[in-house]
Trainee: 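Right, I'll just put the structure down here and ask away after.
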Amino acid sequence: MDNQYSSMEIAGTLVGTATVTSRTPGVVMLEDRNDPRVLWGIRVDPIYQQCGVGRTLFEAAAGWCRDEGLVQLKIKTQDVNVPAFMFYERMGCDLKGLDADPYRKTHPHEFQFL
């Protein structure tokens, strides 16, 4: 299991975090491979949204992957999280597909964007 956590503080207050995972058994998006990484999530305190915190955390996650020599970073988000989808699109990410299976049992009307 290989996880990278990044956080951002402003004046000693935690304002955002990002988690990237790889080589983690059971994470379907990794496809049992060692080379991709999954950006599991970026969380930003609502007070600090629209202040560049998310961009900074995304760039840190992408930079960590580049430093590891990786060319693919998968991102986990849901179709009901439109602000996240739009954020990742602004960061230059492309929608490659969607998967209904991860949420079928608990949220049958939600899909995972890939």
Side-chain angles (χ1 to χ4, degrees):
M1 182 183 316
D2 188 5
N3 295 313
Q4 175 75 22
Y5 303 97
S6 185
S7 63
M8 185 172 173
E9 292 185 6
I10 296 177
T13 301
L14 181 66
V15 298
T17 61
T19 303
V20 176
T21 189
S22 65
R23 295 184 285 269
T24 304
V27 176
V28 175
M29 290 177 66
L30 292 172
E31 303 169 354
D32 291 326
R33 295 172 30 202
N34 287 329
D35 55 329
R37 300 287 190 268
V38 173
L39 177 57
W40 205 253
I42 292 178
R43 305 286 185 263
V44 177
D45 184 316
I47 294 171
Y48 293 94
Q49 290 177 356
Q50 305 301 317
C51 296
V53 174
R55 176 179 293 277
T56 299
L57 291 167
F58 179 85
E59 289 172 354
W64 179 67
C65 291
R66 275 192 301 275
D67 291 347
E68 294 283 316
L70 303 170
V71 295
Q72 182 181 46
L73 174 63
K74 294 182 176 187
I75 300 170
K76 178 195 167 295
T77 192
Q78 297 161 302
D79 65 329
V80 295
N81 192 347
V82 174
F85 180 77
M86 293 172 62
F87 167 78
Y88 292 124
E89 190 174 53
R90 284 192 308 275
M91 297 299 102
C93 301
D94 296 318
L95 176 63
K96 297 293 185 184
L98 59 97
D99 185 357
D101 287 336
Y103 308 111
R104 188 175 309 268
K105 292 180 184 172
T106 58
H107 299 86
H109 301 291
E110 291 185 22
F111 298 90
Q112 181 180 71
F113 285 127
L114 306 171

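Residue indices begin at 1 and follow the sequence shown. A quick note: this is a predicted structure, and the numbers were derived from the prediction, not measured.
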Trainee: Can you give me the closest heavy-atom contact between Leu39 and Ala18, atom names plus distance?
Mentor: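 Of all heavy-atom pairs spanning Leu39 and Ala18, the closest is CD1-CB, 4.4 Å.
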
Trainee: Rounded to the nearest 0.5 Å, what's the gap from CZ on Arg55 to CD1 on Ile42? Could you check?
Mentor: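 Spacing of CZ (Arg55) from CD1 (Ile42) equals 10.5 Å.
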
Trainee: Kindly assign one of parallel, tilted or perpendicular to the pair Phe58 and Phe87, based on the angle between their ring planes and the thresholds 30° and 60°.
Mentor: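 The arrangement is perpendicular - the two ring planes meet at more than 60°.
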
Trainee: Measuring from Thr17:OG1 to Met8:CE, what's the distance to the nearest 0.5 Å?
Mentor: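 Reported to 0.5 Å precision, the distance equals 12.0 Å.
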
Trainee: Are there more than 12 heavy atoms of other residues, nucleotides or ligands under 6.0 Å from atom CD1 of Ile47?
Mentor: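 Not buried by this count: 12 neighbours or fewer within 6.0 Å.
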
Trainee: So how far is it from Met91 CE to Leu57 CG, rounded to the nearest 0.5 Å?
Mentor: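 These two atoms lie 11.0 Å from each other.
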
Trainee: Looking at Gln50, I'd like to know if its CD atom is crowded, meaning that more than 12 non-hydrogen atoms belonging to other residues, nucleotides or ligands lie closer than 6.0 Å.
Mentor: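 Count not over threshold, so no.
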
Trainee: Can you see which heavy atom on Gly16 is nearest to which on Val53, and at what distance?
Mentor: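 That would be CA-CG1, 4.2 Å.
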
